[in-house]
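Okay, so here's the structure we're looking at.
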Amino acid sequence: MLEAGAVAGAQCQVVELGGMAPRSRGPEFEDGWDSGVTAVSEALMGIADREWSRPRRPVGRSR
């Protein structure tokens, strides 16, 4: 099972990539880069939200 905190941490790292496209590639590449960063960030937040809201099993209890 994924840990919501780990996914949220990955999302924070992805967000930092916004605006960091190589300028030499041109404005269309920059726009696509930033759109990709946004799409990945939103997807990771959705995953973290789903994991966070999932019922948890108590640790150390087996039956």
Quiz: residues 35-46 side-chain donor-acceptor pairs under 3.5 angstrom, not counting sequence neighbours:
{"from": "Ser35", "atom 1": "OG", "to": "Asp31", "atom 2": "O", "distance (Å)": "3.0"}
{"from": "Thr38", "atom 1": "OG1", "to": "Asp34", "atom 2": "O", "distance (Å)": "3.0"}
{"from": "Ser41", "atom 1": "OG", "to": "Gln11", "atom 2": "NE2", "distance (Å)": "2.6"}

Check: For the residue pair Ala48 and Ala8, what are the closest heavy atoms and their distance?
Finding: CB-N, 4.2 Å
With sequence neighbours excluded, what pairs up with [X] under the side chain to side chain contact (heavy atoms under 4.5 Å, CB included) test?
{"X": "Arg50", "result": "Ile47"}
{"X": "Pro22", "result": "Ser24, Arg25, Phe29, Trp33"}
{"X": "Glu30", "result": "Ala21, Arg23"}

